[in-house]
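This report refers to the structure that appears directly beneath it.
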Amino acid sequence: MQRKTKIIESIDGEIFDIELSEDLLKKNKEIARENKKLLEKHNILGIDIMGAIGAGKTTLITKIVSILSKKYKIAVLCGDLTTTLDADIIKSAGAEVIQINTGKECHLDANLVRKALKELSLNKIDLLIIENVGNLICPGEFVLGTHKRMVVVSVTEGPFMVVKHPYIFMEADVGVINKIELKDVMDVEPKKLQSAMKKIKPGIKVFETSARKNIGVEILATFISKLLK
Amino acid sequence: MHEFTIAKEIIMHLNEFKKRQNDLKIIGLNIELGEFTFANEEQIKFWLKELLKDTNKININIKRIKPIVYCNKCGYSGNIKFSADPLYHFLLPDLRCEKCNSKRIDLIKGRECNLKSVKVKKTFNKKKKLL
Ligand SMILES: Nc1nc2c(ncn2[C@@H]2O[C@H](COP(=O)(O)OP(=O)(O)OP(=O)(O)O)[C@@H](O)[C@H]2O)c(=O)[nH]1
Ligand SMILES: [Mg+2]
Ligand SMILES: [Zn+2]
């Protein structure tokens, strides 16, 4: 018995949809996963520090490094648009620093971090801190492969910084409210910033600091050192 | 500016598609963008139009995806809670279970950034430019 195979052919000019379902951020996620594996192979804790421009990321990192470098070997990757100012300050606090200039990009991505990791002697490092580019929007989208993500805001940015940028806090494990010594001058209640963060991300750990006046920095450093064990 | 990165990624996928299927002309794009992504819809469209310059006739369709959460404690799956803060006049997403108030919530929808599908037109003229 002969069976005829029915062939369906599209005709010229026919219009139809073809499913692709490509995740456009997949490449970044995959490289981030590799970065994380690499860090874990060398027993390194990775922290991605995000936050608004000028919130005090560099100052805070400098202070944390000078406390923790007595006990741990620390490397810092510094994302910056063009300058090496931040890198120089952090180096003097006792960490190995690699500068990543992002040029016009508003965020670090996993590939840039992967490149930077190649420059480090990973077996000598306990803690990797990454200072992301100052921006409360884009960095949230690009995971780097760190174990924790921290967002730094400061009271000088006013009372609405958190509620205006809720999405980045969804990505955060740790929130820091910096420049706390200026809260009265700025008429900002840090407790309100805290409660907004906790509403957006119920499990978030929040710290209030003044990197300049050394308030709360020791507590934050202790929290990080506990993660290192 | 990471809308540019996303647009570039889309173009790369379109070029790959063109290589595989040179008898199909791409006339439309369907993109899915979760409401909790940080990318701006208009900027993605802008960059795509820039990058596709000479062939501006591709229809770009961006669908926003509503966030959906799953509760690991009670199994609730559904819309996310938003709480209006009367003080701030903002709607804040509240990542707690609407049913049991648990914090063990996963966002299962709302972070998409996908090139969902392409609308194509069958053409037998292989010499025709495809993009
Ligand atoms: N008053 C006060 N000033 C601070 C504090 N922390 C940092 N600053 C100052 O704020 C300014 C910006 O601090 P940085 O540490 O460079 O901030 P950043 O977040 O690294 O900034 P970018 O990398 O440019 O986004 C500097 O002048 C710091 O001295 C603080 O706790 N209180
Ligand atoms: Mg800095
Ligand atoms: Zn529940």
Side-chain angles (χ1 to χ4, degrees), chain A residues 9-29 50 81 102-109 111 133 135-143 158-172 189 192-193 195-204, chain B residues 1-10 12-14 16-17 21 23-33 35-40 44 81 83 85 87-97 101-105 107 110-125:
Chain A
E9 270 192 331
S10 53
I11 41 171
D12 199 10
E14 189 183 347
I15 290 171
F16 51 100
D17 279 352
I18 292 181
E19 182 90 13
L20 294 178
S21 289
E22 295 284 0
D23 179 353
L24 300 165
L25 300 172
K26 190 171 72 188
K27 221 184 282 164
N28 187 70
K29 287 176 198 157
M50 307 178 282
L81 297 176
T102 55
K104 288 192 190 68
E105 282 292 347
C106 49
H107 59 272
L108 287 177
D109 62 32
N111 188 44
V133 181
N135 180 333
L136 278 179
I137 304 166
C138 308
E141 204 100 271
F142 294 85
V143 284
F160 305 124
M161 211 54 181
V162 178
V163 287
K164 277 187 182 169
H165 299 277
Y167 302 151
I168 200 159
F169 291 94
M170 285 184 178
E171 293 294 303
E189 289 177 52
K192 282 197 180 144
L193 292 172
S195 69
M197 287 183 193
K198 284 177 177 161
K199 191 160 262 180
I200 298 162
K201 184 73 188 277
I204 198 168
Chain B
M1 286 289 288
H2 72 291
E3 287 81 2
F4 176 67
T5 315
I6 292 169
K8 261 194 329 202
E9 192 75 7
I10 292 173
M12 189 208 80
H13 285 298
L14 295 185
E16 273 177 17
F17 181 86
Q21 303 269 5
D23 58 339
L24 299 175
K25 182 183 164 74
I26 297 167
I27 57 170
L29 301 180
N30 293 311
I31 296 162
E32 284 180 341
L33 205 58
E35 284 183 3
F36 283 172
T37 53
F38 310 91
N40 179 291
I44 292 180
K81 203 158 60 169
S83 54
D85 195 325
L87 210 84
Y88 294 141
H89 307 287
F90 286 110
L91 276 180
L92 270 190
D94 188 337
L95 277 187
R96 250 169 311 192
C97 178
N101 216 32
S102 167
K103 296 176 181 177
R104 287 165 46 219
I105 287 282
L107 195 64
R111 295 298 314 272
E112 296 77 3
C113 183
N114 298 330
L115 176 57
K116 181 74 178 135
S117 61
V118 285
K119 194 173 271 309
V120 293
K121 188 175 183 178
K122 183 89 180 169
T123 150
F124 288 114
N125 183 357

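Per chain, numbering begins at 1; letters A, B, ... match sequence-line order. As the structure is a computational prediction, the values presented were derived from the model and not from experiment.
- Of the listed residues (B:Arg104, B:Glu112, B:Arg96, B:His13), the one with the most heavy-atom contacts under 4.5 Å to chain A is B:His13.
- Taken from CG in A:Asp17 to CG in B:Leu29, the straight-line distance is 10.5 Å, to the nearest 0.5 Å.
- The choice from A:Pro166, A:Ser21, A:Pro202 that makes the most heavy-atom pairs within less than 4.5 Å of chain B is A:Pro202.
- Salt-bridge formation is not detected for the pair B:Lys121/A:Glu14: no Lys NZ or Arg NE/NH1/NH2 atom is positioned less than 4.0 Å from an Asp or Glu carboxylate oxygen.
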>> Quick one, B:Thr5 with A:His107, criterion side-chain contact (heavy atoms from CB on, under 4.5 Å). Give me CA distance, side-chain angles, the key distance, then yes/no.
In response: CA-CA 11 Å; B:Thr5 315; A:His107 59 272; 4.2 Å; yes
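- Note: B:Val120 leads B:Val120, B:Asp94, B:Ile6, B:Ile27 in heavy-atom pairs under 4.5 Å with chain A.
- The environment of NZ in B:Lys103 is sparse: at most 12 heavy-atom neighbours from other residues, nucleotides or ligands sit within 6.0 Å.
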>> Between B:Phe38 and A:Glu171, is the side-chain contact (heavy atoms from CB on, under 4.5 Å) condition met? List the steps.
In response: CA-CA 11 Å; B:Phe38 310 91; A:Glu171 293 294 303; 4.1 Å; yes
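- With values rounded to the nearest 0.5 angstrom, A:Ile137 atom CD1 is found 9.5 Å from B:Asn40 atom CG.
- Contacts of A:Phe142 with chain B are made by side-chain atoms alone, with heavy-atom separations under 4.5 Å and no backbone atom involved.
- Of the atoms belonging to A:Lys27, it is side-chain heavy atoms, and not backbone ones, that fall under 4.5 Å from chain B.
- The candidate with the highest count of non-hydrogen atom pairs below 4.5 Å against chain B, out of A:Lys26, A:Glu141, A:Lys198, is A:Glu141.
- Only the backbone of B:Glu35 comes within less than 4.5 Å of a heavy atom of chain A; no side-chain atom from C-beta onward does.
- Expressed to the nearest 0.5 Å, how far NZ of B:Lys116 lies from CG of A:Leu24 amounts to 12.5 Å.
- The distance from the CD1 atom of A:Ile18 to the CD atom of B:Gln21 is 5.0 Å, given to the nearest 0.5 Å.
- Take A:Tyr167 and apply the ring-ring contact (aromatic ring centres under 6.0 Å, His included) test, not counting sequence neighbours, and it matches B:Phe36.
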